[in-house]
K.L.:
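Quick one: this structure, given as structure tokens, is what I'll be asking you about.
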2 protein chains.
Amino acid sequence: ISPIPHPISFAEEHKCLNSELWHACAGPLVSLPAVGSRVVYFPQGHSEQVAASTNKEIESQIPNYPNLPPQLICQLHNVTMHADAETDEVYAQMTLQPLNPQELKDPYLPAELGTANKQPTNYFCKTLTASDTSTHGGFSVPRRAAEKVFPPLDFTMQPPAQELFAKDLHGNEWKFRHIFRGQPKRHLLTTGWSVFVSAKRLVAGDSVLFIWNDNNQLLLGIRRATRPQTVMPSSVLSSDSMHIGLLAAAAHAASTNSRFTIFYNPRASPCEFVIPLAKYVKAVYHTRISVGMRFRMLFETEESSVRRYMGTITGISDLDAVRWPNSHWRSVKVGWDESTAGERQPRVSLWEIEPLTTFPMYPTPFPLRLKRPWPTGLPSLHGR
Amino acid sequence: ISPIPHPISFAEEHKCLNSELWHACAGPLVSLPAVGSRVVYFPQGHSEQVAASTNKEIESQIPNYPNLPPQLICQLHNVTMHADAETDEVYAQMTLQPLNPQELKDPYLPAELGTANKQPTNYFCKTLTASDTSTHGGFSVPRRAAEKVFPPLDFTMQPPAQELFAKDLHGNEWKFRHIFRGQPKRHLLTTGWSVFVSAKRLVAGDSVLFIWNDNNQLLLGIRRATRPQTVMPSSVLSSDSMHIGLLAAAAHAASTNSRFTIFYNPRASPCEFVIPLAKYVKAVYHTRISVGMRFRMLFETEESSVRRYMGTITGISDLDAVRWPNSHWRSVKVGWDESTAGERQPRVSLWEIEPLTTFPMYPTPFPLRLKRPWPTGLPSLHGR
DNA sequence: ATGTCGGCCTGTCGCCGACAA
DNA sequence: TTGTCGGCGACAGGCCGACAT
């Protein structure tokens with residue numbers, strides 16, 4: 001009776017999500033630090049995510065937390081991947097524990113640099129057209145994509161066709177009729193497609209992605225187009241209280257060295273605010289930058305791949321000198337080479353960019369292993 | 001192309017909701033304190049609402065806020081009524097300002113007792129049947145309801161029919177064909193009804209309510225059945241941080257006597273946690289209760305009206321003696337007369353109940369005006 | 001008085017190749 | 001190679017009174 005049809009099966013609660021699919025939906029630039037490693041947590045960046053999610057600027061009503069430093073070095077105890085039940089939006093839950101001064105002295109392991117997010121190899125991602133989402137027809141599968149990730153059709157049949165079963169992030173299975181027909185011949189998903197489109201409420205501009213994994217399973221994810229004004233205010237807690245909550249939770253955890261929990265929404269947050277400690281140390285203490293220096297930075301393309309944009313450093317200063325002095329968060333002011341630069345942020349963090357030195361870097365066998373632990377005590381900009 | 005049809009018109013952002021409709025959707029027992037009046041805010045009750053909304057128990061990880069008393073006497077600066085854009089769930093936003101000791105000495109006005117929530121007179125509320133929500137047909141309008149709240153039909157037509165336009169909480173207008181036909185004759189809503197059902201995602205068990213207001217407008221609201229497990233965890237902020245946020249926001253406001261903002265969800269919260277000061281004072285300081293005493297208490301029926309249930313006081317103690325000592329929040333343990341008592345809470349607050357004295361109360365012209373302001377300083381249970 | 005059903009009509013869904021970009 | 005369209009068949013949506021509760 002419900003207008004939204006039910007998929008074939010339901011995953012049990014708290015089931016671990018498929019990691020490949022989660023990363024594919026999150027995008028090629030998103031990586032999660034390894035469990036057990038040490039990370040740097042930026043309350044300021046977390047605050048930006050909450051502001052983006054609640055669609056509200058940060059008010060000056062927020063009390064100060066003098067004991068909360070702008071960056072908190074933590075042990076990452078737990079990372080779990082999730083997807084919103086309503087929207088399939090991917091997010092991660094992390095349990096962090098601030099380290100005490102004694103623990104800060106421990107040398108860290110090279111593995112803590114974090115493993116790169118390996119995107120699955122056998123997958124494709126297509127942005128839906130008006131025809132794909134209309135009720136008038138099915139889904140047109142790009143030829144190379146179908147040949148690469150779908151099981152081969154039996155071409156002795158006329159027309160060649162098969163049934164595909166694909167699992168989404170929640171473990172629900174969807175059934176599609178895959179047929180190769182038309183003049184000229186093309187791959188199509190027909191029966192079952194419209195049910196999926198209406199259940200997920202997909203519209204033209206959204207993307208779907210199919211993965212053929214090593215277990216010969218077909219996985220199915222969605223990535224919604226970034227629609228303006230898509231977020232709405234929560235009716236649970238005021239955005240002010242949310243801001244206070246994240247700051248107070250971090251401050252309390254920092255003062256007692258106890259664990260706290262945060263959510264990271266890769267596609268809602270402007271930036272990662274939990275980064276591997278080694279990445280931070282390398283960028284802040286082992287990289288020389290100056291105004292006028294050229295750099296490169298990775299961005300995600302519309303087709304879910306990456307490309308580099310180039311720019312010039314135009315300044316180095318605190319983003320919020322009053323509330324977060326000596327933070328390294330987005331401390332680098334930049335200008336972009338291309339005229340479409342309006343969409344790229346004017347401030348970035350050190351660890352996001354790749355400075356171009358006039359002396360070419362020769363690759364070495366162990367380029368990232370540091371000789372000794374970084375200096376104890378809180379890092380500060382004055383150290384440079 | 002969207003599976004969800006658009007209603008005829010959209011209300012502009014931030015438009016003031018229709019108060020009658022909001023109260024009708026909220027239910028007969030929900031009343032909002034008057035703007036400008038003084039109220040008592042219970043962080044403990046607010047906490048219960050957040051726990052209910054995030055579907056998570058309160059953890060012991062939450063830090064203590066020693067400067068946050070269990071009840072905060074505040075000036076109510078602003079109240080706005082809202083409805084969730086996705087679910088039409090009604091909620092209210094309140095701006096509160098804790099009063100300083102000087103302000104606490106001011107005598108209060110009798111009007112601060114709060115005005116009773118006057119439910120609209122010309123309205124009806126019907127719980128939807130399987131037939132009402134099925135795609136097979138329309139909506140069967142109870143005869144008395146149609147005759148009372150719908151404009152009269154022209155019975156010279158065969159069959160008598162008209163078009164109805166009704167506005168929902170967001171100001172969107174919905175169009176229905178209202179017809180009187182069948183054997184035996186009955187009132188039906190046909191064309192337009194299924195669009196409404198699917199747009200609002202109504203299922204059997206949910207209720208719709210129609211109001212014919214003084215401006216001869218037809219208003220239309222919904223009240224969803226209380227489905228278990230309907231709330232889902234937010235992916236914005238951890239529930240722990242939300243709890244900390246509400247407490248820290250209240251504590252900060254209390255220490256600086258500054259304004260703060262809260263949301264009250266009448267249908268999600270177990271109980272009102274912002275109540276008129278006069279109501280609180282009357283219940284706590286001018287009502288004698290003891291163990292064994294009989295009392296009555298109002299509850300909402302399934303048909304959106306009220307009835308009284310009776311019970312006996314079985315104990316008086318703090319609900320959480322560690323975290324909230326000397327709070328009056330749900331300090332009364334009760335037993336209910338009827339065997340269906342499993343659905344009614346075993347603890348209530350003083351101001352929710354109506355103790356039955358053996359000496360009948362004679363009504364007086366000014367029964368609620370106090371002779372003098374209540375004692376300064378924080379109230380405590382020891383005063384009784 | 002009103003919930004559910006069978007009958008029946010009709011509008012939309014959805015599968016097909018044509019055609020063009 | 002693939003997005004959109006006209007054609008058209010099938011089926012669910014939806015209006016009707018019958019009938020039972």
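Letters go in sequence order (proteins before strands), and every chain restarts at 1. Below, each value reflects all heavy atoms present in this structure, side chains not excepted, and no hydrogens, waters or symmetry copies.
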K.L.:
Indicate yes or no: does B:Arg223 engage B:Glu89 in a salt bridge with an N to O separation below 4.0 Å.
P.N.:
no
K.L.:
Give the rounded distance in Å between these two atoms: NE2 of B:His187 and P of C:dG3.
P.N.:
14 Å
K.L.:
Which residues pass the side chain to side chain contact (heavy atoms under 4.5 Å, CB included) test with A:Asn216, not counting sequence neighbours?
P.N.:
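Result, side chain to side chain contact (heavy atoms under 4.5 Å, CB included) vs A:Asn216: A:Trp212.
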K.L.:
Rounded to the nearest angstrom, tell me the gap between atom CG in A:Asp132 and atom P in D:dC5.
P.N.:
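In whole Å, D:dC5 P lies 13 Å from A:Asp132 CG.
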K.L.:
Atom CG of A:Leu128 to atom P of D:dT2: distance rounded to whole Å?
P.N.:
14 Å
K.L.:
Would you work out how much the helix from C:dA1-D:dT21 to C:dA21-D:dT1 bends between its ends, with each end axis defined by five base pairs, to 10 degrees?
P.N.:
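Comparing the axis at each end, I get an angle of 30°.
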K.L.:
Base, sugar-phosphate or nothing for B:Ser131? Non-hydrogen atoms, less than 4.0 Å.
P.N.:
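If one applies the 4.0 Å heavy-atom cut-off, B:Ser131 turns out to touch a base.
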K.L.:
For nucleotides 13-20 of chain C, read 5' to 3', which letter fits each nucleotide if B means a protein heavy atom sits under 4.0 Å from the base, S means only the sugar-phosphate is that close, and - means neither?
P.N.:
SBBBBBBB
K.L.:
Examine A:Arg186 relative to A:Phe180 and say whether NZ or CZ is less than 6.0 Å from the centre of the six-membered ring and inside a 45° cone about the ring axis.
P.N.:
no
K.L.:
Are the charged groups of A:Arg307 and A:Glu300 less than 4.0 angstrom apart, N to O?
P.N.:
no
K.L.:
With a sphere of 6.0 Å drawn around CZ of B:Arg267, does it hold more than 12 non-hydrogen atoms of other residues, nucleotides or ligands?
P.N.:
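Enclosed.
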K.L.:
Can you tell me how the ring of B:Phe176 sits relative to the ring of B:Trp193, calling it parallel under 30°, perpendicular over 60° and tilted otherwise?
P.N.:
tilted
K.L.:
Could you give the NZ-to-C1' distance, from A:Lys126 to D:dT1, as a whole number of Å?
P.N.:
11 Å
K.L.:
Going by salt bridge (Lys or Arg N to Asp or Glu O under 4.0 Å), B:Lys200 matches just one of B:Asp88, B:Asp206, B:Asp84. Which one?
P.N.:
B:Asp88
K.L.:
Counting heavy atoms not belonging to B:Asp214, are there more than 12 under 6.0 Å from its CG?
P.N.:
no
